Amino acid sequence: MAPTGLSSYSYYTFSVSLVFNGTNYAVAYIASNGVTVYWQAFFAKLGPTFNVLSSPTKISFYGGTATTNAYWPQAATAGNGSGYCVVWYDARSGHNQVYATQLDATGAVVNSGAAHDLALSATSNEQLYPSVAWSQYGTNGTGGFIVAWQDYRSATHYEVECEMVWGNGSLSYFNTAVSPPGTYNATFPHLCSFPSGEGLAWTDNRNGNADIYFMNLSYMGYPAGSPVQVTSNSATQEYPYVVWTGYEFGVFWQDLRNGSNITDVWFQRVGSAGALLGGNVQATSGLNPYFPSAAFAKLGYLVVGDASNSQNYATSFGCNYAYAPGCPAGMVAYGVTGTSATLSWLPAFDQYTDIAYYQVYRNSQPIAKTASTLYTDTGLSLGTTYNYSVLAVTPPTS
């Protein structure tokens with residue numbers, strides 16, 4: 001597949017955030033428009049073969065002239081297919097603030113073009129490093145986006161704040177402090193949505209060094225549990241990245257425990273209720289990586305990011321190629337009605353690792369993940385034939 005070019009300018013393009021909505025991709029990134037000297041946030045849609053579906057749109061200082069650089073663009077796609085949200089920070093107000101632009105499914109700015117450059121906080125001190133994720137909560141089922149960032153409003157230390165951007169491009173103005181109060185810094189938050197709310201990881205120095213912490217949030221971005229300390233050694237750990245597998249969270253981060261000049265990416269499993277599963281696991285070696293991000297598929301994780309000498313890296317992790325579990329057997333359907341059917345199957349046998357969950361397919365399309373050997377499918381139609389299959393998925397070893 002040939003590379004896809006999004007910028008024809010003679011300037012560098014960097015800080016790329018890529019999302020997938022099940023059909024198409026969208027990308028947010030920083031570039032110059034060839035006219036102004038300032039770096040700005042751009043957005044474009046890509047097809048399944050990475051063909052460009054929409055011309056890149058400048059979404060910071062949308063429709064206006066930039067007066068400062070934009071940094072750290074992060075994109076999220078709506079779980080209901082209604083569109084996208086891109087966040088970043090810039091210093092147009094005299095100090096760094098977090099801003100958001102919301103786009104519909106076509107890539108146009110929502111609310112008649114008004115939902116752009118939304119300042120997520122009116123605090124007089126700086127905000128940095130935003131993260132954004134879809135929330136299933138919303139008025140009339142429209143949903144919205146949760147945004148988290150590190151905030152210096154106390155003027156003594158950074159804390160993690162959250163804000164809801166509704167589906168119509170309006171703000172909740174809650175500005176919820178989600179890192180526990182204290183005099184220590186909480187920085188570099190990363191959000192990941194899951195069926196019960198949001199998973200949040202951040203870097204925290206309450207113990208005198210930079211550790212990774214994790215906590216579940218509600219649909220509205222409020223704390224829904226107690227913070228869990230993910231790392232507990234004297235080295236520096238920062239830049240966490242959270243992935244939802246369909247059954248549990250995977251948390252990755254940049255780690256210096258192997259030496260002050262040796263960076264590795266480490267990993268921790270976290271259950272859906274926010275409890276640690278197993279211990280810290282080293283995910284990379286010899287790459288000197290930083291700024292990790294990751295994705296999960298049926299064979300495990302793919303971890304990507306920057307590496308030393310201005311390079312990039314991509315490495316698989318937690319994949320079980322050698323000892324894939326057997327196919328679940330004995331599938332039967334019962335309790336069949338005009339609109340539903342219940343499926344059951346025998347547990348998959350795997351003598352090397354646990355089964356994380358079962359992926360259920362209808363007509364070769366994934367429809368559900370379940371930890372049990374029982375699933376009820378609804379919304380079916382009379383006079384229609386449905387074919388079902390089940391795949392056992394294993395977690396990374398810890």
Side-chain angles (χ1 to χ4, degrees), residues 18-26 45-50 53 76-84 105 133-138 140-143 167 192-197 199 219 243-250 271-272 294-302 318-321 323-350 353-396:
L18 179 71
V19 294
F20 181 63
N21 65 6
T23 303
N24 296 312
Y25 297 91
K45 289 182 62 182
L46 305 175
T49 60
F50 299 107
L53 298 179
T77 183
N80 61 4
S82 61
Y84 309 88
W134 173 251
S135 172
Q136 297 187 45
Y137 183 90
N140 297 324
T142 58
C192 176
S193 62
F194 77 116
S196 298
Y219 293 121
V243 179
W244 174 248
T245 70
Y247 183 69
E248 65 186 38
F249 295 101
S272 60
F296 182 81
K298 64 182 181 180
L299 293 177
Y301 293 95
L302 181 69
C319 298
N320 193 7
Y321 294 108
Y323 303 112
C327 182
M331 178 181 284
V332 297
Y334 61 93
V336 178
T337 70
T339 58
S340 66
T342 298
L343 311 170
S344 69
W345 55 89
L346 297 175
F349 174 72
D350 184 0
T353 185
D354 295 332
I355 303 299
Y357 61 84
Y358 296 94
Q359 174 71 66
V360 183
Y361 295 84
R362 183 206 306 131
N363 296 338
S364 300
Q365 297 298 313
I367 59 170
K369 296 180 176 74
T370 176
S372 75
T373 56
L374 191 72
Y375 176 72
T376 298
D377 192 18
T378 59
L380 307 179
S381 300
L382 285 170
T384 304
T385 299
Y386 297 95
N387 296 307
Y388 292 92
S389 58
V390 177
L391 174 72
V393 180
T394 60

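The residues of the chain are indexed from 1 along the displayed sequence. Everything numeric here is computed off the predicted structure, so don't read it as measured data.
- Listed by chain and number, the residues in a side chain to side chain donor-acceptor pair (under 3.5 Å) with S389 amount to none (sequence neighbours excluded).
- Across L343 and V360, no two heavy atoms sit closer than the pair CD1-CG1, 4.3 Å.
- Taking each heavy atom of W244 and S193 in turn, the nearest pair found is CB-O, 3.8 Å.
- Residues forming a side-chain contact (heavy atoms from CB on, under 4.5 Å) with S372 (at least two apart in sequence, or on another chain): T370, L374.
- In this view, W345 and Y358 satisfy the ring pair (Phe, Tyr, Trp, His ring centres under 6.0 Å) rule, not counting sequence neighbours.
- The CG atom of L18 lies 11.0 Å from the OG1 atom of T77; values are rounded to the nearest 0.5 Å.
- Judged as a ring pair (Phe, Tyr, Trp, His ring centres under 6.0 Å), and not counting sequence neighbours, the contacts of F20 are Y25.
- Under the rule for a side-chain contact (heavy atoms from CB on, under 4.5 Å), A295 has no partner lying at least two apart in sequence or in another chain.
- Checked against side-chain contact (heavy atoms from CB on, under 4.5 Å), A76 has the following partners two or more places apart in sequence or in another chain: V132, F145.
- For Y388, the ring pair (Phe, Tyr, Trp, His ring centres under 6.0 Å) test picks out no residue, with sequence neighbours left out.
- Distance check: L46 CG to N24 CG gives 8.5 Å after rounding to the nearest 0.5 Å.
- Among residue pairs with one or both ends in residues 368-379, those qualifying as salt bridge (charged side-chain N to carboxylate O under 4.0 Å, His left out) are R362-D377; sequence neighbours excluded.
- Applying the ring pair (Phe, Tyr, Trp, His ring centres under 6.0 Å) test to residues at least two apart or on different chains, none of the pairs has a partner in residues 365-387.
- Under the salt bridge (charged side-chain N to carboxylate O under 4.0 Å, His left out) criterion, no residue pair touches residues 380-394, with sequence neighbours excluded.
- Closest of all the heavy-atom pairs between Y301 and F249 is OH-C, 4.3 Å.
- Summarising the geometry of A368 relative to Q359, their closest heavy-atom pair is O-NE2, 2.8 Å, with the distance given to 0.1 Å.
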Pair V393-F296, side-chain contact (heavy atoms from CB on, under 4.5 Å): steps then yes or no: CA-CA 11 Å; V393 180; F296 182 81; 3.9 Å; yes

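- Applying the side chain to side chain donor-acceptor pair (under 3.5 Å) rule to S381 yields no partners; only residues at least two apart in sequence or on another chain are considered.
- Scanning all heavy atoms of the two residues, the minimum distance from A105 to G81 falls at CB-O, 3.6 Å.
- Pairing each heavy atom of V243 with each of A294, the nearest pair is CG2-O, 3.5 Å.
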Name the atoms and distances for all side-chain donor-acceptor pairs under 3.5 Å in residues 329-342, with sequence neighbours left out.
| from | atom 1 | to | atom 2 | distance (Å) |
| --- | --- | --- | --- | --- |
| T337 | OG1 | T339 | N | 3.2 |
| T337 | OG1 | S340 | N | 3.1 |
| T337 | OG1 | S340 | OG | 2.9 |
| T342 | OG1 | T376 | OG1 | 3.0 |

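- Between the side chain of Y357 and the backbone N or O of T245 there is at least one donor-acceptor pair closer than 3.5 Å.
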